[in-house]
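Here the structure comes first, spelled out in structure tokens, and everything after it is commentary.
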Amino acid sequence: MSEISKAYEPQSVEDKWYRFWLDRKCFVADPARVSSKRPAYAIVIPPPNVTGVLTMGHVLNNTIQDLLARKARMDGKEVLWLPGTDHAGIATQTVVEKALKKSGEIRHRDDLGREKFLERVWQWKEKHGGIIIQQLKKLGASCDWTRERFTMDPDYSRCVQKVFVELYKKGLIYRGKRMVNWCPATQTALSDEEVIMKEQKGSLYYFKVEVVDSRAHGSSGRESAQTPAVENQSRLTSAATEETEKKTFGPITDAEGRIWLTIATTRPETIPGDTAVAVNPKDPRYAKFIGKHVIRPLPAEFPREQKLIPIIGDERVDFEFGTGVLKVTPAHDKADFEIGQRHKLEQIDIMHPNGHMNALAGAALNGLDRFKARKVAVELLTELGALEKEDPYTNNVGFSERADVPIEPRLSEQWFLKYPCTEKARNCVEQEDDAVGRASSRAGSSVASPHQKMQFHPQRWAKVYDHWMGNIQDWCISRQLWWGHRIPVWTFKVSSDIGVVAMDAIKESVAKIEKANYPGKYSLTTKMQGDIFVVATDDPEIQASSEKLGFIQDPDVLDTWFSSWLWPFATMGWTGDKTEDPNNPTLQAFYPTADLVTGPDIIFFWVARMIMAGYEFMNDLPFRNVYFTGIIRDKQGRKMSKSLGNSPDPLDLIGKYGADALRFGTMRSAPLGQDILFDEQNVELGRNFCNKLWNACRFRQMVGGGDASSPNRASGDEGVATTFEVQGEIDPKLLTSDDKWILLKLDQAIREMDTAFAEYKFSDATATLYRFFWSEYCDWYVEASKAVLVKSVTELNKSNEQGPTEGNATHLTNRSFNELPDRRANALAVIDFVLSHTLRLFHPFLPFITEELWHGMGYSQDMPENQGGKTIMTAPWPKPFDDDFKSHYGLTGDDDKHIEARNELVSQGRNLRRTANIAANKKVKFIFNPAREWAAHDIEVLKLLLNAECVELGAAHQPAKGTLTVRTELGDLYLPTEGLIDLEAEKARLTKEFQKIEADVAKVEQKLANPNFTQKVPANVLEEHKQRLTDLLAKREHVKITLAALQS
RNA sequence: GCGCGGUUAGCUCAGUGGUAGAGCACUACAUUGACACUGUAGGGGUCACAGGUUCGAACCCUGUAUCGCGCACCA
């Protein structure tokens, strides 16, 4: 800081210190250093997509993690913030596929084939994979980069495989043909969590089907047509749409005596896949038809016998909805599938995997995509005369989260996981009710809180979590993709002699390896399923030998989250082997981790699954606290997205304002549990704040050392020269009221910061820092300190001579003058004390500028090497002042109250200046009649703060006409105006003030007149009110007199 | 339908029963030796609405409106 620039310039500073931290290994966690005196603190990063770029969401998330990590280091903990990236199966594969298509290289990934395509994805990963990591470094993230992990690192992959095999062995993983969420765009199955419901405007189509008695005879349904109970209701037509008609649906008998049922559907294109029609058996309109058949209208060209489908009774049918008749399409609807299971219905799959209709859908629909097919189906029904009407209809449709197309329920064979440890996982998270229960039980007995529970912040997410855990469904873990962890299962169809030979060979090979080194490192299980021999293992040797013998690996890969759910321990070198883990110092030291910081949108995807995995594989929860951030929205409240183009590039913001500014601005606008409306102005505010901090330190440097005339010291520290002298001990005897006040404010700020961190309220923390540093330290303390630091000795001397003309302050004045050099040194010592503490309080939020100033101001030189001497990162976090400290420096609440009142007096005095239209830079004379004795120094400060030419002490000053006055608890302040004021404006102002006081007086008087109030209210509140009334009355009197004086 | 959260100054939000707050924006003044990325002063609010509890409600209770989110879904 030899050349102190007027404004803070972050760019060069930030790169310099980040390199410094890396070079000195400041982020590296060493399990060997962990001890009872030096506890471990760990966070694992929510791994961003390896090929992604930094978003504002990442900024929010990672700034919070960095705050926690940096704070923990300053608390003396051994900190591991473990970084890494996620392979992000679908996202990455889609991106690469698109790029290859765009370049014209391929039309489909099949053009390359699996192996070649994967090569290209790896290339892509190598090329783009590091970007987000570099961006995190720009943000200042203090991750232990030596431990950076990727979910497809070889050893990580082995963990995934091992976990799969273990769960498969246990029977928790199984293969089954089920209804799954199929994404026709990416052509893979998805988990329920990857489906998001969206409201869609569409139509509800009503079409009729003819009821027939038996399969044998086509045209005659006559007998049933005569069924007496059938009421021939007046048909709804598209013209008539009365509310009451909803209830009038029922079978119709036409002129020829044929009976028809009307069915409502949103998906007429699936009619060719219908294999039944269902009614509620309790529905009097339809129950009698159960057992009969209807003729399915589509495909039109199919022979009638093929289209006879039964009418079944199923309680699931809601007779309020639609017509009360449900078409059942077991192959294309989840609910219908279940009905189909109950009634053993045929399943007709009428679609290709890409969402186009196949031949079973009929000639007219074959080859069309689903939505086109819907239109054509409606046309066909119209032509057949089967369509009765079409109502506009809005319903919720599941969309593929990634591809943003409607998912297609589809019957397919997939791998599923029955979640482990659900009970433990569900119960470990503290619910809001628990806190009440625990508090009372603790009060009731001496039950030591036994098992530490996991806390969610904000806690309301615990309820969401609990609800999900209570309704948990098996997890579809297989994906029909190429990029990911391939399922570690090999099969061989035993249909020939070769098969038998192979079986023997593999058995032999297995036996050999088992003997050699099992159990331990690897997992293995084999089994026969029908004529299929299945090998599931993470042992590369067995995998290889199986393939040599003609075994074929399952083509699917695992859901990305099936690897991320292991993140908290797989990143710490977990091998999946419990006997080996005690020898893993990282896991020993850092698992379970302390905090997890993530978005509530992945509470099911990731958080819940990590908790279950933690219990299953580590027998302990993976983290103690989960902090859920809000979602970053734009100024208008819209979610930030690429397509809207409303997401600023954080790197641009860093370039423009600095990383510290971005961090501070983001934290300041991100209250716990609330969504954040992002506004660049917040970042601007952060920059301004950094500049303020910079200039406050610059001021400290400019006023030099304790002796105003002493030559500045220049000493080197990392090539940075200090140009002033850090002051040593504070002398309690020389402290002014302002000194004591700012020390008390610092103490308060430290306490507030501790509370804010304990409660994860980072916006509160920034608000505290902002208030303390800007409003209290800069606006008041620094200004007051100029009385000794800036004014020259001669000037002070002069003003003292002509200053207090009479009375009590003279004695103090002389003393003040005599000890001036000491007092100057002492003021500097207070400033250095406050600044060195403040920089530490700021450091988690503003790592770069605080490090720069820590060294530049020379504060690092006062500290031991490992406690701030090297870097502010390890400087001890400030502690609230204890009683000894306070009594040593004589800090009491009185100083606090006095200075608050003095500040109020100054504000009112400045207001008088304003009233008198006196320019801010013009020095004028004030007269002050203090209620109690004032030290000369304090009068000097008052003069400075009022920008007064002088403050005359007038014991019983009789104001002349045109003198403005204010009455405060510290005394009366007068400003002679010599007729400079606008009388009318002043009268108006005072009248308004008078009215306001009147209103307040009335309010308080009313309260105090109420016996209910005076009797029931706590004593201190009563006292407050009485005091308040007294003050108000005095004030009112004063304004009244002043006003009267103006009138004359 | 069920659950959760919000509604306080023009904007974004603090505020757990006792005088309604901050930042930004706005108005006026100021280029004074830290800082115009600044300073000083000022204007601005029926705390969504309606009831209730209380001596006293932005705050607690009940209901309503409205916005947002999550879960479950009726084809």
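On a predicted model such as this, the values are computed, not experimentally measured, just so you know. Proteins come first, then strands; the chains are lettered A, B, ... in the order of their sequence lines, and each starts at number 1.
A distance of about 10 Å separates the C1' atoms of A20(B) and A9(B), rounded to the whole Å. A gap of 50 Å separates the C1' atoms of C60(B) and A34(B), to the nearest Å. When the P atom is used for both G68(B) and C13(B), the distance is 14 Å, rounded to whole Å. Comparing A48(B) with C29(B), their C1' atoms are spaced 39 Å from each other, to the whole Å. Atom name C1', nucleotides G63(B) and A22(B): the rounded distance is 33 Å, in whole Å. Between A14(B) and U8(B), the two P atoms lie 11 Å apart (nearest whole Å). The gap from the P atom of C11(B) to that of U31(B) amounts to 35 Å, rounded to the nearest Å. Taking atom C1' in both C59(B) and G23(B), the straight-line distance is 23 Å, to the nearest Å.
Looking at heavy-atom distances under 4.0 Å, P1011(A) makes no contact with the nucleic acid at all. S907(A) comes within 4.0 angstrom of sugar-phosphate atoms only, judged by non-hydrogen atoms across all strands, and of no base. If you check every strand for non-hydrogen atoms under 4.0 Å, E783(A) touches a base. Within 4.0 Å (heavy atoms only), C690(A) reaches no atom of the nucleic acid at all. As judged by a 4.0 angstrom heavy-atom cut-off over every strand, N1010(A) is placed among residues touching the sugar-phosphate backbone only. Counting any heavy atom pair closer than 4.0 Å across all strands shown, F678(A) reaches no nucleic acid atom.
Look at E783(A) and K786(A) and you find a salt bridge, because one of the NZ, NE, NH1 or NH2 atoms lies within 4.0 Å of a carboxylate O, short of that distance. Between R296(A) and D274(A) there is no salt bridge, since none of the side-chain N atoms of the basic residue sits less than 4.0 Å from a carboxylate O of the acidic one. A salt bridge links K282(A) to E315(A): one of the charged nitrogens lies within less than 4.0 Å of a carboxylate oxygen.
Taking the six-membered ring wherever Trp is involved, the centroid distance between the rings of Y465(A) and F628(A) does not fall below 6.0 Å. With ring centers used as reference points, W468(A) lies under 6.0 Å from F604(A).
Across Y206(A) and A264(A), no two heavy atoms sit closer than the pair CE2-CB, 3.8 Å. What you find for A462(A) and Q431(A) is that their closest heavy atoms are O-NE2, 2.9 Å.
Side chain of R914(A), nearest nucleotide from C71(B), U19(B), C29(B): C29(B). In the set A34(B), U38(B), C71(B), the nucleotide with an atom closest to the side chain of N688(A) is U38(B). Side chain of H467(A), nearest nucleotide from U38(B), G18(B), C71(B): C71(B). Side chain of F1013(A), nearest nucleotide from U54(B), G18(B), C29(B): G18(B). The side chain of K6(A) approaches C35(B) more closely than any other nucleotide in the set G42(B), C35(B), C55(B). Checking A34(B), A41(B), G18(B) against every side-chain atom of E1024(A), the shortest atom distance belongs to G18(B). Checking A41(B), C37(B), A75(B) against every side-chain atom of R687(A), the shortest atom distance belongs to C37(B). Candidate nucleotides C55(B), A34(B), U40(B) were compared by shortest atom distance to the side chain of D779(A), and U40(B) ranks first.
Across all strands shown, A25(B) forms no Watson-Crick or G-U wobble pair with both distances under 3.5 Å. Pair assignment for C2(B) gives G70(B), based on Watson-Crick or G-U wobble hydrogen-bonding distances that are each under 3.5 Å. Of all nucleotides present, only U7(B) satisfies the Watson-Crick or G-U wobble test against A65(B), with each distance under 3.5 Å. In this structure, A57(B) makes no Watson-Crick or G-U wobble pair, since no nucleotide meets both defining distances under 3.5 angstrom. For U31(B), there is no paired nucleotide, since no Watson-Crick or G-U wobble pair has both relevant distances below 3.5 Å.
For G18(B), the OP1/OP2 oxygens have no side-chain nitrogen or oxygen of K1026(A) closer than 4.0 Å. Within the 4.0 Å cut-off from OP1 or OP2 of C35(B), at least one side-chain nitrogen or oxygen of R698(A) is found. An OP1 or OP2 oxygen of A75(B) is reached within less than 4.0 angstrom by no side-chain nitrogen or oxygen of Y206(A). Between W774(A) and G39(B) there is a side-chain polar atom (N or O) within less than 4.0 angstrom of OP1 or OP2. Under 4.0 angstrom from either OP1 or OP2 of G39(B) there lies at least one side-chain N or O belonging to K692(A).
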Return the polar atom pairs (N/O with N/O) between nucleotides 4-9 of chain B and the protein under 3.5 Å, or none.
unit_1: C4(B); atom_1: OP1; unit_2: K463(A); atom_2: NZ; d: 3.2

Under 3.5 Å, N/O pairs linking protein and nucleotides 22-27 of chain B:
unit_1: G23(B); atom_1: O4'; unit_2: R668(A); atom_2: NH2; d: 3.1
unit_1: C24(B); atom_1: O2'; unit_2: Q681(A); atom_2: OE1; d: 2.7

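Rounded to an integer number of Å, the gap from CD1 of I312(A) to P of A75(B) is 18 Å. Rounded to whole Å, atom P of G44(B) lies 10 Å from atom NZ of K996(A). The distance from atom CD of Q701(A) to atom C1' of G33(B) is 15 Å, rounded to the nearest whole Å. The distance from atom NE2 of H1025(A) to atom P of G17(B) is 16 Å, rounded to the nearest whole Å.
Each of V397(A) and V906(A) has a nearest nucleotide on RNA chain B; the 5'-most of these lies closest to V906(A). Projected onto RNA chain B by closest heavy-atom contact, A264(A) and A7(A) fall at different nucleotides, the more 5' of which corresponds to A7(A).
Relative ring orientation between F773(A) and F689(A) is described as perpendicular, the plane-to-plane angle rising above 60° on a 0-90° scale split at 30° and 60°. Between W694(A) and Y8(A), the ring-plane angle classifies as tilted under the 30° and 60° cut-offs.
Figure legend: K692(A) and Y770(A) shown without cation-pi pairing, the cationic atom not lying both under 6.0 angstrom from the six-membered ring centre and within 45 degrees of its axis.
More than 12 heavy atoms of other residues, nucleotides or ligands shown are found within 6.0 angstrom of CD on E900(A). By the neighbour-count criterion of 12 heavy atoms within 6.0 Å, atom CD of Q200(A) is densely surrounded, having more than that number from other residues, nucleotides or ligands.
If you check distances only, the side chain of R910(A) never reaches the base of U40(B) with a donor-acceptor pair under 3.5 Å.
Test V325(A), V209(A), V294(A) against I311(A) for side-chain contact (heavy atoms from CB on, under 4.5 Å) and you get one pass: V294(A).
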